[in-house]
Amino acid sequence: MLNKSAIEVAHLTVIRGKNTVIPGLDLSVSTGSVTGLLGPSGSGKTTLIRCIAGIQIIASGSVTVLGSPAGSATNRDRVGYVTQASSVYPDLSVRQNLAYFSALAGKGAAAIDETIGNVGLTPQADSLTGNLSGGQRIRVSLAAALLADPDLYLLDEPTVGLDPVLRRDLWKMFDGLAADGKTLLVSSHVMDEAGRCDRVLLMREGGLIADATPDGLRAEAGTDDLEEAFLVLAEREAA
Amino acid sequence: MSRTIATARRVLQQLSHDPRSIALIVLLPSVLLVLFKYIYNGQPAVFDRVGPQMLGLFPFIVMFLVTSVTMVRERTSGTLERLLTTPLRRGELIGGYGLAFGVAALVQAVIGAAVAIWWLDLNVNVPWAIVLFAVVDAVLGTALGLLMSAFARTEFQAVQFMPLVVVPQILLCGLLAPRTSMPDVLHWLSNVLPLSYATDAFTELTHADGFNGTMTRDLTILVGCCVVAIALASLTLRRRTP
C-alpha cells in the first residue's frame with residue numbers, strides 16, 4: 001500500500017466555457033505524504049482539486065483516486081474535501097455543524113469535542129459559526145473533514161488568514177496525519193508553506209512547472225528562497 | 001435513513017437559531033386567518049368557504065419560499081458541493097428537507113386548524129384531514145422550492161420565483177372564483193396546476209361528512225405531484241459541475 005500512489009492523474013484536460021483551464025496534466029501523489037500544490041491564484045489549483053474530488057466535469061484524461069475513478073461512490077467516505085470557502089453552515093453552532101458532518105460520515109459523536117480541541121476552537125464550541133472570524137470558520141470546515149477520518153485529504157488553501165502559531169500547529173497536524181498513513185494534498189499560494197511539504201507541485205497556467213521536494217526545488221533553481229525559486233522556474237518555463 | 005434524519009435535524013437546528021422565521025412559520029398563518037375572518041365579519045359564508053382553502057395555501061407558500069432560499073444558499077455557499085462529496089445520497093438530502101419542513105408544516109397546520117375551529121368557529125367534520133392536506137401542501141411547496149432553486153443564482157432571484165410559480169397557481173386554483181366558471185383555456189390550465197387540487201380538497205372538506213372519494217383523488221394527485229417534483233429536483237443536484 002505504501003508504494004501505491006493515492007492519486008494518479010493522466011492526460012487531464014479541463015475546459016471551462018471557451019478556456020482550457022488544464023491543458024493535459026499528468027501527476028501522481030504517493031500514499032502517506034503531504035504534498036503541496038503551490039501556484040498563484042488562477043493557476044488551476046482549485047480546478048485540479050475539484051477533479052480529484054470528482055465534482056469537476058473533465059474534457060478528457062483520467063483521474064484515479066485510491067484505486068477507483070475520482071468521484072466513485074466507494075471514494076465518498078475515503079476522501080475529505082475542504083473547499084476554499086469555509087463550506088459549513090453559518091447559522092449552526094460549531095458543535096452542531098460538526099455533529100452533522102460526523103453523522104453524514106457515519107461516525108458517532110464521540111470524537112467531536114476532541115476534534116474541536118485539535119483545531120483550537122474549544123472556547124467557541126457553542127458559538128454560532130457565522131459569528132466567528134474567517135480563520136476560525138476555516139478551522140470548523142477542517143474539523144468537519146477530520147471527523148470523517150478519510151484516507152485522503154484535499155485541502156484548498158486551509159491556512160489562509162491564520163496567525164503564524166496556528167499555521168504551525170496545523171502543519172504539525174498534517175504531518176501527524178501523514179505519519180498515520182493518510183495522504184494530504186494541500187494547496188496554497190504562499191510559497192514559504194512549500195517548505196513544510198514532503199513534495200511540492202508547482203502550478204502555473206494549468207500546467208506543472210515543477211514536481212520535486214522542497215530541497216530539490218531549491219537546488220533546481222539555485223536559490224534558498226522558495227519564493228525566488230518559483231520566479232526562476234516560472235521564467236525558465238516561459239522562455 | 002440515518003443521514004436523512006441527520007439532515008432533517010440539521011435543517012430544524014438552523015431554523016431554531018432564527019426565532020423570527022419560526023414566528024413567521026408558526027403564527028403568521030393564524031394571524032392572517034383571524035384578520036380574514038373579521039374582514040368578512042358581515043359575510044360568514046365567505047369565511048366558511050375561503051378560510052379552509054387558505055389553511056392549505058399558507059404552508060405551500062411559506063415552505064416554497066423557505067426551501068428555495070435555503071437551497072440557493074446551500075448552492076452558493078459551497079455546502080451543497082461539499083455534501084455531494086460525502087456519502088450523503090441526493091435522495092437522503094431531499095428527504096431530509098422534506099421531513100424537516102413537513103414537521104414545521106405539521107406544527108403550523110395544527111395551530112392554524114385549532115385557531116380556525118375553536119376561535120373562528122369554522123365548521124369542518126374531519127379536522128384531521130385539514131392537517132393531512134396542509135402537510136402534503138407543505139411538502140409540495142418544499143419539493144417545488146427545491147426544484148426552482150436550481151434556476152436561481154441568487155436568493156433575490158429565488159424570491160422572484162414566487163410571483164412566477166406561486167401567484168398564477170393562487171389565481172387559478174379556485175380560491176378567487178370556482179374553476180368551472182373560468183374560460184376553457186384557464187380551466188385546462190388550472191387542471192394541470194397542483195395547487196388546484198389542494199384547493200379542491202379544502203373546498204370538499206367544508207361540506208363533506210367524512211373522508212370521501214374526491215379527497216382521496218386530490219390526495220393521490222398531490223402526492224403524485226410531490227413525487228414528480230422531487231424526482232426532477234434530484235436531477236438538478238449534479239455531483240459534477242463545469
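By convention in this document, chain letters (A, B, ...) are assigned in the order of the sequence lines, proteins followed by strands, and residues within each chain are numbered from 1.
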| task | Check whether A73(A) gets within reach of chain B through its side chain, its backbone, both or neither, counting any heavy atom under 4.5 Å. | result |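 Neither part.
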| task | Kindly check if the number of other-residue, nucleotide or ligand heavy atoms within 6.0 Å of OH (Y38(B)) is above 12? | result |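 It does: Y38(B) OH has more than 12 such atoms within range.
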| task | Determine whether more than 12 heavy atoms belonging to other residues, nucleotides or ligands lie under 6.0 Å from atom CZ of R239(B). | result |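 Atom CZ in R239(B) is crowded, with more than 12 foreign heavy atoms closer than 6.0 Å.
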| task | Please step through side-chain hydrogen bond (donor to acceptor under 3.5 Å, both in side chains) for the pair Y100(A) and T7(B), ending with a clear verdict. | result | CA-CA 7 Å; Y100(A) 179 51; T7(B) 302; 3.0 Å; yes
| Under 3.5 Å: donor-acceptor pair, side chain of R82(B), backbone of S141(A) |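 Yes; at least one donor-acceptor contact below 3.5 Å.
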| Between R240(B) and I57(A), is there a donor-acceptor pair closer than 3.5 Å when you use the side chain of the first and the backbone of the second? |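 Not at all, since once roles are kept as given, no pair shorter than 3.5 Å links the two residues.
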| Pick from V79(A), D77(A), L104(A): which one makes a side chain to side chain contact (heavy atoms under 4.5 Å, CB included) with T86(B)? |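 With T86(B) as partner, V79(A), D77(A), L104(A) yield a single side chain to side chain contact (heavy atoms under 4.5 Å, CB included), made by L104(A).
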| Knowing that exactly one of L83(B), T85(B), T79(B) qualifies, which makes a side chain to side chain contact (heavy atoms under 4.5 Å, CB included) with S87(A)? |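 Only match with S87(A) under side chain to side chain contact (heavy atoms under 4.5 Å, CB included): T79(B).
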| message | Check whether Y89(A) forms a cation-pi arrangement with R73(B) (NZ or CZ under 6.0 Å from the six-membered ring centre, at most 45° off the ring normal). | response |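 Not satisfied by the 6.0 Å and 45° rule.
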| said: Which heavy atom of L92(A) sits nearest to which heavy atom of Q13(B), and what is that distance? | reply: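 So the minimum-distance heavy-atom pair works out to CD2-CB, 3.6 Å.
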| said: Between R50(A) and E81(B), does the side chain to side chain contact (heavy atoms under 4.5 Å, CB included) criterion hold? Intermediate values first, please. | reply: CA-CA 10 Å; R50(A) 282 170 47 84; E81(B) 185 173 83; 2.3 Å; yes
| request: Tell me, for E92(B) versus chain A, whether the close heavy atoms (under 4.5 Å) come from the side chain, the backbone, both or neither. | output: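 Contact with chain A: none, neither part.
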